[in-house]
Amino acid sequence: MNRHYPIIVVVILALFTATIAGSTTRATPAKAARQQYNINTLAGKVASVNGTAGLQIRFSAFIEQEAEEPDAYFGPSAPISPSFVLSSPLDGTSVAPAVTVNQDTAGAPQNETAIAVDPNNPNRVVAAANDYVTRTWSCTVSGTPCSALGDGYSGTYFSNDGGATWGDVSSDPAHLGTLIPGVTHLTGGPYDAGGDPALAFDSQGNVFYAGLGFNRLSAANTVAVNKGTFDGAGKLSWGPPTFINPTTSPAVFNDKEWIAADWHVSSPFRDRVYVSWTRFIFNPMTGAYVQSPISFAYSTDGGQTFSNPQNISGNVLYGQGSRPVVGYDGTVYVFWDGSTRLSALDSTYMVKSTDGGVTWSKPKAVAKLVDIAPLANTAFRVNSFPAAAAAPNGDLYVAWTTEVNDTTGNTADPVCAYWISGTASVYAHCHAATVYSKSTNGGATWSAPALIFPGLDASTRTAVGYPVTQPNGSTLNSPSTARRVDTLWPGVAISPSGTVYMSAYAADTVSPWQTCASGPPLPVGRITCTTLGNYIHNARLNYHVTNIGSGGVQMVTTNPINTRNGFGGGFIGDYTDLAVGSDNVFHALWTDTNNKQNVVWFYGYEFEPTSINQEDVVTASGIIP
């Protein structure tokens, strides 16, 4: 994410840029200033942000994907028998011994993970994800396939045995399982789609889900919070949503929310619920992006009502990816990736409140960062959003992803900014790395960024599956130069005894992937290909967890993850997550593509049962000494 300059200061900033070495500020051309965007639609809002000169901030990957989602089709046709299904002999058939959390079996994608552990019961775990299960339902509504009416929804899942087994199954509007109710159409709500999951427990064992609700072809959108309770048999049920900052204004869009709850029994604000999010603001006349401050609201009645939203980001006008954290003494911290008007690089920022979220400090920069480019040999969207947690002794930890100079190790080098040096140069001289910083004085000062996985960071990708023969008879060999391992999307969790765990994906494997040269349009083209194309290099991911105190590392994935499976390789979520219980057991949750399932219904189209690798949300638990 880079910075944006309102039109009235463009000329001044253009002159200023000429005197500032390394600045990324650019004058917006007069033609660009007159660009009109239809911000009544989600696609128009995304186009406005992406079309703003000199701006690297983006909507969440979830919102960008939803803006691109094809319309489902329903009409009389015979079941489709795919000519080719894109796959690789290196793809797995099961994630075991890791555990699949979502319980559907019809090829629906799930991604973008959140997880939380009951502070009173370490065996009770709740997980959440963007869930596209309604796009594969076999039911009908008034003769129309449910899969033609569905969309991305808010999926949740629960375990009462420490993550060994999970529920629940959803199959139709009358059997929602633990899909979040009351937000999206097929769950009885007013919005087309929902997702962007976040979870938090309070001290009484209630669990809170925060997500988005929005329409794709009209302006309506909201932040939504549902309260979940467990019955005596351990079954999770969700109450109706409370909508925060609902709007039908085309000039406002709520994105990338996160939730925290004060479960600390000694806190003066015990059981207060906190939500932060990004509030994208557009010019109502032209549709031009204006700014994206961080907003915040709190609840004192268990999520039934919330305070009026307030802007907590001060002069950091261009922000995304906020993360609220509650200290053991009740202090609330919010971290995010942001920039001020004249900054050359983004920073991870922090604000704090000592009165339960009523008033806030001025923003403080933890450290500068370089927003990462898409990982080499991948297609999925990326970001540098932070994750954070508070330790029982008051220490704070925040982690994020940044480009790192291969030679110097600099974590904030403008040379590694792809919008300055170009993506090819960044790939040649830099790599993405997850780093963290620590504060021992309530966020007043912070340590220099340190690598979360120094061993991985110093290593290079392993090439597997080479050579392969191209359709024209030529050969694709493994890359001639081994690339440094990229890591991204950290999770942070700290146990009540002070054990600090962190996690991240690592692009530590590269292999061939055969593309599709031609095929039907989406969504059918996600399942079937008409003519196979050339092989390309394809980076695969593994998921790793580390104990920061001991330096111990555990790889929890079973097989390297092929991110080309699902959404054409363009979307595997925005983040991963990590939680830890009072028993010091960590629970990692990530998106994986190594299960195979048969798809029959997909976006209103019927297929002959077709085996595919699809995105699932997967967990592993353990203790790293």
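None of these values were measured; they are calculated from a predicted model.
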(message) Any heavy-atom pair between the side chains of Arg540 and Tyr505 that's under 4.5 Å?
(response) no

(message) With rounding to the nearest 0.5 angstrom, report the CG to OG1 distance, Leu589 to Thr113.
(response) 4.0 Å

(message) Determine whether a donor-acceptor pair (N or O, by modelled atom type, separation under 3.5 Å) exists between the side chain of Ser88 and the backbone of Leu90.
(response) yes

(request) Check the angle between the aromatic planes of Tyr328 and His264 and answer parallel, tilted or perpendicular using the 30° and 60° thresholds. (result) tilted

(request) Flag the pair Asn377 / Asn538 as yes when at least one side-chain heavy-atom distance between them is below 4.5 Å, and no otherwise. (result) no

(request) Could you tell me which residues satisfy salt bridge (Lys or Arg N to Asp or Glu O under 4.0 Å) with Arg381, sequence neighbours excluded, listed by chain and number? (result) Glu64, Glu68

(message) Could you report the tightest heavy-atom contact between Ser322 and Trp336, atom names first, then the distance?
(response) CA-CB, 3.7 Å

(request) Begin from the C-alpha positions of Asn565 and Ile612 and carry the test side chain to side chain contact (heavy atoms under 4.5 Å, CB included) through to its verdict. (result) CA-CA 8 Å; Asn565 291 318; Ile612 62 170; over 6 Å; no

(message) When you compare the side chains of Ser299 and Asp301, does any donor N or O come within less than 3.5 Å of an acceptor on the partner?
(response) yes

(message) Looking at Thr576 and Trp489, would you say the former's side chain and the latter's main chain have a donor-acceptor pair under 3.5 Å?
(response) yes

(request) Could you tell me whether the side chain of Lys438 and the main chain of Leu396 form a donor-acceptor pair under 3.5 Å? (result) no

(request) Verify, without hydrogens or angle tests, whether Ser550 (side chain) and Pro625 (backbone) share a donor-acceptor contact under 3.5 angstrom. (result) yes

(request) Would you indicate whether the side-chain heavy atoms of Ile294 and Thr278 approach each other to under 4.5 Å? (result) yes

(request) Could you tell me which non-hydrogen atom of Ala433 sits nearest to which non-hydrogen atom of Asp457, and how far apart they are? (result) CB-OD1, 3.5 Å

(request) Can you see which heavy atom on Gly205 is nearest to which on Asp118, and at what distance? (result) CA-OD2, 3.8 Å

(request) Verify whether one side chain among Asn383 and Asp337 offers a donor that lies under 3.5 Å from an acceptor in the other. (result) no

(message) So Val273 and Tyr298, do their side chains get closer than 4.5 Å, heavy atoms only?
(response) no

(request) Answer yes if the side chains of Thr178 and Asp168 hold a donor-acceptor pair under 3.5 Å, and no otherwise. (result) no

(request) Starting at OG of Ser60, measure out to NZ of Lys256 and round the result to the nearest 0.5 Å. (result) 5.5 Å

(request) Check whether any side-chain heavy atom of Leu212 sits under 4.5 Å from a side-chain heavy atom of Ile63, and report yes or no. (result) yes

(message) What I want to check is whether the side chains of Ser497 and Asn584 have a donor and an acceptor closer together than 3.5 Å.
(response) yes

(request) Measure the spacing between CG of Asp355 and NZ of Lys352 and express it to the nearest 0.5 Å. (result) 11.5 Å

(message) Under a plain distance cut-off of 3.5 Å, with no hydrogens placed, do Arg272 and Thr300 share a side-chain donor-acceptor pair?
(response) no

(message) Measuring from atom CD of Gln204 to atom CG of Asp271, what distance do you get when rounded to the nearest 0.5 angstrom?
(response) 4.5 Å

(request) Pick out which of Asn595, Asn594, Thr619 makes a side chain to side chain donor-acceptor pair (under 3.5 Å) with Thr100. (result) Asn595

(request) Could you tell me which residues satisfy ring-ring contact (aromatic ring centres under 6.0 Å, His included) with Phe201, sequence neighbours excluded, listed by chain and number? (result) none

(request) Tell me, please, which residues at least two apart from Asp486 pass salt bridge (Lys or Arg N to Asp or Glu O under 4.0 Å). (result) Arg461, Arg483

(message) Please give me the minimum heavy-atom distance between Ala98 and Val556, naming the atom from each residue.
(response) CB-O, 4.1 Å

(request) Could you go through the side chain to side chain contact (heavy atoms under 4.5 Å, CB included) check for His537 and Tyr466 one step at a time? (result) CA-CA 10 Å; His537 299 304; Tyr466 294 96; 2.8 Å; yes

(request) Report yes if the side chains of Tyr436 and Val492 come closer than 4.5 Å at any heavy-atom pair, otherwise no. (result) no

(request) Measure the CZ-CD distance between Arg58 and Gln320 for me, rounded to the nearest 0.5 Å. (result) 11.0 Å

(message) So which atom in Arg270 and which in Ser203 form the shortest heavy-atom distance, rounded to 0.1 Å?
(response) NE-OG, 2.9 Å

(message) If I compare all heavy atoms of Ser276 with all of Phe296, which pair ends up nearest, and what's the gap?
(response) CB-CD1, 4.1 Å

(message) Considering only residues two or more places apart or on different chains, which pairs with a residue in residues 223-233 satisfy side chain to side chain donor-acceptor pair (under 3.5 Å)?
(response) none

(request) Give me the one residue out of Thr591, Asp104, Asp592, Asn130 that meets side chain to side chain donor-acceptor pair (under 3.5 Å) with Gln110. (result) Asp104

(message) So does Ile115 get a backbone contact from the side chain of Asp577, meaning a donor-acceptor N/O pair under 3.5 Å?
(response) yes

(request) May I have the step-by-step check of side-chain hydrogen bond (donor to acceptor under 3.5 Å, both in side chains) for Thr593 and Asn562, ending in yes or no? (result) CA-CA 6 Å; Thr593 63; Asn562 183 359; 5.8 Å; no

(message) Could you tell me if Arg124 sits above the aromatic ring of Phe230, with its cationic atom closer than 6.0 Å to the ring centre and no more than 45 degrees from the axis?
(response) yes

(request) Establish, from distance only, whether the side-chain atoms of Ser154 and Tyr209 form a donor-acceptor pair under 3.5 Å. (result) yes

(message) Please check this pair: side chain of Asn160 against backbone of Gly234, looking for a donor-acceptor N/O pair closer than 3.5 Å.
(response) yes

(request) Give a yes-or-no answer on whether the side chains of Asp91 and Ser87 include a donor-acceptor pair shorter than 3.5 Å. (result) no

(message) Rounded to the nearest 0.5 Å, what separates atom OG in Ser621 from atom CD1 in Ile623?
(response) 10.0 Å

(message) Taking ring pair (Phe, Tyr, Trp, His ring centres under 6.0 Å) as the cut-off, I'd like each qualifying pair that reaches into residues 569-593, sequence neighbours left out, listed once.
(response) Trp258-Tyr575, Tyr501-Phe586, Tyr543-Trp590, Phe567-Phe571

(request) Take Asp196 and Asp255 through the side chain to side chain contact (heavy atoms under 4.5 Å, CB included) test and state the conclusion after the steps. (result) CA-CA 8 Å; Asp196 247 1; Asp255 189 21; 3.4 Å; yes

(request) Return yes if some donor-acceptor pair links the side-chain N/O of Ser384 with the main-chain N/O of Thr401 below 3.5 Å, else return no. (result) yes

(message) Let's go through Val275 and Ile244 carefully: what are the C-alpha distance in whole Å and the side-chain angles of both, what is the deciding distance for side chain to side chain contact (heavy atoms under 4.5 Å, CB included) to 0.1 Å, and is it a yes or a no?
(response) CA-CA 9 Å; Val275 180; Ile244 304 173; 4.1 Å; yes

(message) Is it the case that the ring center of Tyr274 lies less than 6.0 angstrom away from the ring center of Trp360?
(response) no

(message) Can you confirm whether the side chains of Asp395 and Thr440 place a donor and an acceptor under 3.5 Å from each other?
(response) no

(message) I want to check something: taking the side chain as every heavy atom from C-beta on, are Ser582 and Pro122 in contact at a cut-off of under 4.5 Å?
(response) yes

(request) Would you check if the side chain of Gln597 reaches a backbone N or O of Gly107 as a donor-acceptor pair within less than 3.5 Å? (result) yes

(request) Mark yes or no for whether Thr509, through its side chain, and Pro560, through its backbone, hold a donor-acceptor pair below 3.5 Å. (result) no

(request) Determine whether Trp446 and Lys364 make a side-chain contact, defined as any pair of heavy atoms from C-beta on separated by less than 4.5 Å. (result) yes

(request) Can you sort out the partners of Asn547 under side chain to side chain donor-acceptor pair (under 3.5 Å), two or more places apart, ordered by chain and number? (result) none

(request) Please confirm whether the backbone N or O of Leu578 pairs with a side-chain atom of Ser503, one donor and one acceptor, at under 3.5 Å? (result) no

